Protein chains: 2
Amino acid sequence: MSLRAIKTPAAEEKGTLLGKAGLEGLDLVLDRQRSATDQVHAALRQAIIAVRLAPGSPISENSICRRFDVSRTPVRAALQRLTEEGLVYVYPQIGSFVAPIRLAGLQDNHFIRRSLEVALLREVAPRWTPDMSLRMRQSIAQQKQVIAKGDGDGFYHADEEFHHHLASFAGREGVWQAILAAKVQLSRFQRSWQTKERLPDVIREHTAIIDALDQHDLAGAETALLTHLDMIFVIFARLPEAQRQSLFE
Amino acid sequence: MSLRAIKTPAAEEKGTLLGKAGLEGLDLVLDRQRSATDQVHAALRQAIIAVRLAPGSPISENSICRRFDVSRTPVRAALQRLTEEGLVYVYPQIGSFVAPIRLAGLQDNHFIRRSLEVALLREVAPRWTPDMSLRMRQSIAQQKQVIAKGDGDGFYHADEEFHHHLASFAGREGVWQAILAAKVQLSRFQRSWQTKERLPDVIREHTAIIDALDQHDLAGAETALLTHLDMIFVIFARLPEAQRQSLFE
DNA sequence: CATTTGCAACTTGGATACAAGTGTTATAGT
DNA sequence: ACTATAACACTTGTATCCAAGTTGCAAATG
């Protein structure tokens, strides 16, 4: 198995092959009250989802130990949690790597998210209230604000909140957790290739969904939601061939 | 916090409060080739799903170490994995316990499973082939066999295979994994209170789904699938009040 | 007798040492 | 020059030790 062939550019430059494989930007002040495992897990998870850690990057346990100044035990626990979430691959005796973004998994994850959000919409639509509409439009307004500020992370969170509302209105937080789990890979894909030019379109699509709901037009809301979610395929289609290839392993 | 009050009956009889909290029936011969973590995880997971380990049972790391004759490290890893799956609760400095079965979680899990399976059905129905029908009916035939043999575990697996086919026909194994994750709590519920009298009904419901698909009746198949899945509520409604109460904590 | 205080036994969280496997590299032999 | 082998650096898996927190009981104290 020639997995060791995966090297960080820095390691190729100088021969040392130290463990600083994309972890440079990360830092973490340990809060002795909370568990070290949770903090390492949260830090790595956020870095992977925000693609500050590139897919395929080697992240050995010891390199993380040195980076965060904790022992291997909480680091191992964090990596195992990330493995469960599909964000890290561990090859025994070889190494641990940030999970690559693969089209096959992307399609399944998109199917899950799509199905669940549509199911939530169908449950919420008949009980749609002006208060719900108001809160959704407030969320959209916030999305416009963070776009104006050019805050990528902010838009990501505002967008997530918008979709979260749908589950909250249905009283199904557990379903939102499932969507969140399916969404991580999609988020990594979007953060990799979504351009800023698309963001105003996202606003329009969100607005179209709420407009349809306000008019008690379930079918219209459903198609609006679907076209919004399926835009990920448009992003994919517009990808240059070279980058598209990377999604097939 | 009075969690220590949760004691196993055996521990209440003799005062020792040893760690043999329902683990008696479990056994495991360690295969030194595979990782100890995986084997402990699989053994515990199976025992919890099959309700051989009662919900609420205390399972301390050390008790499992003594039971399986491994060190705490792989046991800890296995318990953390089970925590991720929602099968075990860990209270630091207090203990680890088999997760209780709660109605709130059951409803969300059922919603997820229902939505995903219906979505799969809608995708498969237009592409329905005689070969698919054949394999489904073979699965049903096997279900009849294991019922005749009175093999509870066998029926569980055959039933699972039936639903798995749906995802396979759609070419979405990843979706099946998600269904599986949502299904564990439902399985524990069914294994706790589903009577053998219902099993022939399950056969009928499965057959009704395939019959509708064979007649290219998507709407009929969908309602048949939904009534089949929603039978879990009927099981719940028929529950004696005392047992029903236990699901509200 | 009632209350409090401290000890003992238990729990999980973290740190560290060792075991075993893998891949590269340098060195010795041909 | 080329090949084979051995040493080395690196990886994750496991075992064990210590730290810190919780609980129950027993003994000491009023």
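Values reported hereafter were calculated over all heavy atoms of this structure, with side chains retained and with hydrogens, waters and symmetry mates removed. Note that the structure is a prediction, hence the values are computed from the model and not measured. Convention: sequence-line order gives letters A, B, ...; per-chain numbering from 1.
Taking atom CD on A/Glu61 and atom C1' on C/dT16, their separation rounds to 14 Å, with Å as the unit. Straight-line distance from the CG atom of A/Leu79 to the P atom of D/dT12: 8 Å, rounded to whole Å. If you take CZ of A/Arg66 and P of D/dC10, they are 8 Å apart, rounded to a whole angstrom. When rounded to the nearest whole Å, the span between OH of A/Tyr91 and P of D/dT12 equals 13 Å. Straight-line distance from the CD1 atom of B/Ile94 to the C1' atom of C/dA9: 15 Å, rounded to whole Å. As rounded to whole Å, 16 Å separates atom P of D/dC10 from atom CD1 of A/Ile64. A/Ile59 places its CD1 atom 16 Å from the C1' atom of D/dC10, with the value rounded to the nearest Å. Distance A/Phe97 CZ to D/dT12 C1': 11 Å, rounded to the nearest Å.
Neither side chain, A/Gln138 nor A/Gln142, offers a donor N or O lying under 3.5 Å from an acceptor on the other.
A/Arg188 places a side-chain N or O within 3.5 Å of a backbone atom of A/Ala99 that can act as its donor or acceptor partner. Under the 3.5 Å distance criterion, the side-chain polar atoms of A/Gln39 are matched with a main-chain donor or acceptor of A/Asp31.
Rounding to the nearest 0.5 Å gives a distance of 11.0 Å between CG of B/Leu186 and CD1 of B/Ile179.
The shortest distance between the side-chain N/O atoms of A/Ser60 and the OP1/OP2 oxygens of D/dC10 is not below 4.0 Å. Between A/Ser96 and D/dT12 there is a side-chain N or O to OP1 or OP2 distance below 4.0 Å. Here B/Asn62 reaches the OP1 or OP2 of C/dT11: one of its side-chain N or O atoms lies under 4.0 Å away.
Residues that satisfy the salt bridge (charged side-chain N to carboxylate O under 4.0 Å, His left out) test with B/Arg198, not counting sequence neighbours, are B/Glu205.
Within a 6.0 Å radius of CZ in B/Arg244, other residues, nucleotides and ligands contribute more than 12 heavy atoms. Enclosure of atom CD in A/Gln177 by more than 12 non-hydrogen atoms of other residues, nucleotides or ligands within 6.0 angstrom is indicated. Heavy-atom neighbours of A/Gln33 CD from other residues, nucleotides or ligands within 6.0 Å: at or below the threshold of 12.
End-to-end axis angle of the helix from C/dC1-D/dG30 to C/dT30-D/dA1, using five pairs per end and rounding to 10°, comes to 30°.
Under the salt bridge (Lys or Arg N to Asp or Glu O under 4.0 Å) rule, A/Glu61 has a single partner from A/Arg67, A/Arg66, A/Arg72, which is A/Arg72.
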Starting at the 5' end of nucleotides 14-19 of chain D, put B wherever the base has a protein heavy atom under 4.0 Å, S where only the sugar-phosphate does, and a dash everywhere else. BBB---
